[in-house]
4 protein chains.
Amino acid sequence: MESTYDRLVSAAIKLMIEKSYAGTSIGMLAEEVGISKSTVIHYFKSKEGILLAILENFFPVAIKELRTVVNNKSISGTEKLRRFLYFQMKLVAESGDVLTLVIRETRYLGEEHRKIYNQRHREYEGLVVKIIEQIQTEETSLFKNKDKNLVMKAIFGMCNYTTIWYRPEGPLRIDEIADQFFDILSCNV
Amino acid sequence: MESTYDRLVSAAIKLMIEKSYAGTSIGMLAEEVGISKSTVIHYFKSKEGILLAILENFFPVAIKELRTVVNNKSISGTEKLRRFLYFQMKLVAESGDVLTLVIRETRYLGEEHRKIYNQRHREYEGLVVKIIEQIQTEETSLFKNKDKNLVMKAIFGMCNYTTIWYRPEGPLRIDEIADQFFDILSCNV
Amino acid sequence: MESTYDRLVSAAIKLMIEKSYAGTSIGMLAEEVGISKSTVIHYFKSKEGILLAILENFFPVAIKELRTVVNNKSISGTEKLRRFLYFQMKLVAESGDVLTLVIRETRYLGEEHRKIYNQRHREYEGLVVKIIEQIQTEETSLFKNKDKNLVMKAIFGMCNYTTIWYRPEGPLRIDEIADQFFDILSCNV
Amino acid sequence: MESTYDRLVSAAIKLMIEKSYAGTSIGMLAEEVGISKSTVIHYFKSKEGILLAILENFFPVAIKELRTVVNNKSISGTEKLRRFLYFQMKLVAESGDVLTLVIRETRYLGEEHRKIYNQRHREYEGLVVKIIEQIQTEETSLFKNKDKNLVMKAIFGMCNYTTIWYRPEGPLRIDEIADQFFDILSCNV
DNA sequence: AATGAATGAGGCTTCATTCAT
DNA sequence: AATGAATGAAGCCTCATTCAT
């Protein structure tokens, strides 16, 4: 069975994305997992600690996975973009938009931690920028004359916004959404 | 000079977008504007009233303006898209992402109010869907075989995400961002 | 009738001397005065604010009164000592040993406030040192060859310890205690 | 090397004198000694047990030592006073004012324990009263017509207050302070 | 001898709100 | 139009303690 700690982290991700950091109380978390408030503190020391644990839980895994895609020398830039979109959308579907959580809520972290996570966030974004660069090099027209950072932000905006409106019971599956996003971006018909 | 009420609404938009509804307290708002907590309540009756005022302040104006664009029979769908992007980005730049605020925080409204605002929100989105439909009719390839609702969400995602990362002192002006977004979506080089 | 604020300060002095700062809770204070915990915070902003109010309430009055004794040019040093002992013992009897509270608990104040109060405390002690200096000048033998600061500390020790053991229903009245303290110090029989 | 138990008692004395009983937590104690909270409880059963251990550690030793001074038939009362002052000041310097801890904090002990320790405390004070009685008998003038209990309290006040202001790096050594206290009390020049 | 998991009670504080002015 | 007094509910956190290991 899943450890209390893991169940807490999962519940925290779910709640904080849905209700925002400030809108999520330790009591809610405790109730969700079926333990006492004190036990939540026992594991995370403080509310900030919960956010920290989420981020610690997210970035190492996500960056690693994305990096293997980006560093793969045998596939094209557009294929990498396609794979990234699948990866990111799966992430959004599974654990909500942890990335937006990162951006929106790192303000609640102490200076030191905030720096670390901003850095990791930039690293994550940087990997997507690399994909765009590769596309700009390989393709004749896609993303030509575009600011690569802006394209990256556009892509993340598209994907992350999904957290807000996506419902599993809706008409489109997560992979269909990823497909269509890919088509929109790559100008496929 | 701006009325106390107007200063309160502006401050409320700023704070609630930055810190989320739950993360913004009446005390903060009072301090920001330099009046007492009691006076804030005096104007809005309750915290929910503040959110209400923001929405009331936003939708009628925004919907009206967007509608004149959409209903204009003499311009093409792509041109409408371009104009919408300018309009939306200006909105985001000026008063932050009120739309995301709407989506994220209407949960704090009482049932009746929530319904009203969800409806207005859908109306706003619907206007953008109409633009996409016009494009699908006119153009040979753009947005062909795409779910028009998904395209709409993709566009809003792109635009609204700007609130999170856009800094006026950054390298791109708001209208340049709108331009590039238009190019990305319309597959212009 | 006494204001809520004044009643709170009096109750706080009483409780904090009896139970120490850490041992006194805002809830106790509220109950003692018959109001809610929130109201205590309403007046003092924080627990530290209570300590601050006590000190602000004590020092200006005490220093002023002691200063008029010390600056009186027409009375002898020993007479000043006698008067100080009466004054200090009355203080101790009335409002407990606020001075020891100051010394013991200023650690709970923020740096800035702590400095201010340490300074005032030194000023208060300094006035007693002046009395001892006058005695050393006038008298042939009393306090000769003694460290004036140590004598001062000895006197305060004697007086302040009273808070711990003095009971109004005990065999000695406050003025009798002051009298005997004076005799012990001045070597009167 | 010192046993964990002994290190805990030492740390507890230090912390509780500095921060008061209520202001000292088991967690602090654990951290100070570098072990876990559970281990502290393991040794003392409860927080009250810590106070108990301190007192048990203090009184038997202190009373025994003071008694040998008081019962010594071959020395004068004033000499006994002098020796007591040395003894008491050394105690204060070494382990802080455990006596004041006793008076201030025995309130936190259960009824039975409180009785025992109040009794021991009275016994300790009684030994000093005996010294004063001897002085009143032998000397012609010292402490004549004074309430012997009040004199005792005055002496303890002087000595115990030292805990609050004494700093090893200050201008006076512990034995010099004892000397001057003796002179002040015995009216020596 | 020593510890981690878990908790209930309580402490400080924030907060939205009511009321009287 | 604006505010201070007062509060109940809730939030974060500390703490002493129990239990199993």
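The chains referred to below are lettered A, B, ... by the order of the sequence lines, with proteins before strands, and numbering in each begins at 1.
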What is the distance from atom CD1 of B:Ile26 to atom OG1 of B:Thr39, rounded to the nearest 0.5 Å? 11.5 Å

Interatomic distance where NZ belongs to A:Lys45 and P belongs to E:dA6 [whole Å]: 14 Å

Give the residues of residues 13-36 of chain D touching DNA chain E, defined as any heavy atom closer than 4.0 Å, sorted by residue number. D:Ile35, D:Ser36

When rounded to the nearest 0.5 Å, the distance separating OG of A:Ser25 from NZ of A:Lys19 is 9.5 Å

Atom CG of D:Asp6 and atom P of E:dA1: how far apart are they, to the nearest Å? 13 Å

Out of curiosity, C:Ile50 CD1 to C:Met16 CE, how far, rounded to the nearest 0.5 Å? 4.5 Å

Candidates E:dT7, F:dT17, E:dT14 - which lies nearest the side chain of A:Thr39: E:dT7

Aromatic centroids of B:Phe44 and B:Tyr5 separated by under 6.0 Å: yes

Roughly, in whole Å, what's the span from CZ in C:Arg7 to C1' in F:dA6? 13 Å

Kindly say if D:Tyr5 contacts the phosphate of E:dA1, meaning a side-chain N or O under 4.0 Å from OP1 or OP2. no

Please test B:Ile35 against B:Leu8 for side chain to side chain contact (heavy atoms under 4.5 Å, CB included), starting from the C-alpha separation and ending with a verdict. CA-CA 10 Å; B:Ile35 58 175; B:Leu8 274 170; 4.0 Å; yes

Strand DNA chain F as a dot-bracket string - pairs counted if Watson-Crick or G-U with both distances under 3.5 Å, | where the partner lies in another strand: .||||||||||||||||||||

Please, which pairs that meet salt bridge (charged side-chain N to carboxylate O under 4.0 Å, His left out) have at least one residue in residues 21-46 of chain A, sequence neighbours excluded? A:Lys14-A:Glu32

Distance in angstrom units between B:Ile50 CD1 and E:dT17 P, rounded: 8 Å

Answer yes or no on whether A:Lys47 is positioned over the face of A:Tyr21, meaning its NZ or CZ is under 6.0 Å from the six-membered ring centre and within 45° of the axis. yes

Do the side chains of B:Ile164 and A:Asn160 get nearer than 4.5 Å, heavy atoms only? no

Closest-nucleotide mapping onto DNA chain E: is C:Lys47 or A:Thr4 further toward the 5' terminus? I mean the 5' end. A:Thr4

Rounded distance in Å - CD1 (B:Ile41) to C1' (E:dT14): 14 Å

So, B:Arg114 and B:Glu111, do they make that salt bridge, N to O below 4.0 Å? yes

5'-most contact on DNA chain F: A:Glu48 or C:His42, nearest heavy atom basis? C:His42

Find which nucleotide of DNA chain E each of D:Lys37 and B:Ser38 is nearest to by heavy atoms, and output the residue with the more 5' nucleotide. D:Lys37

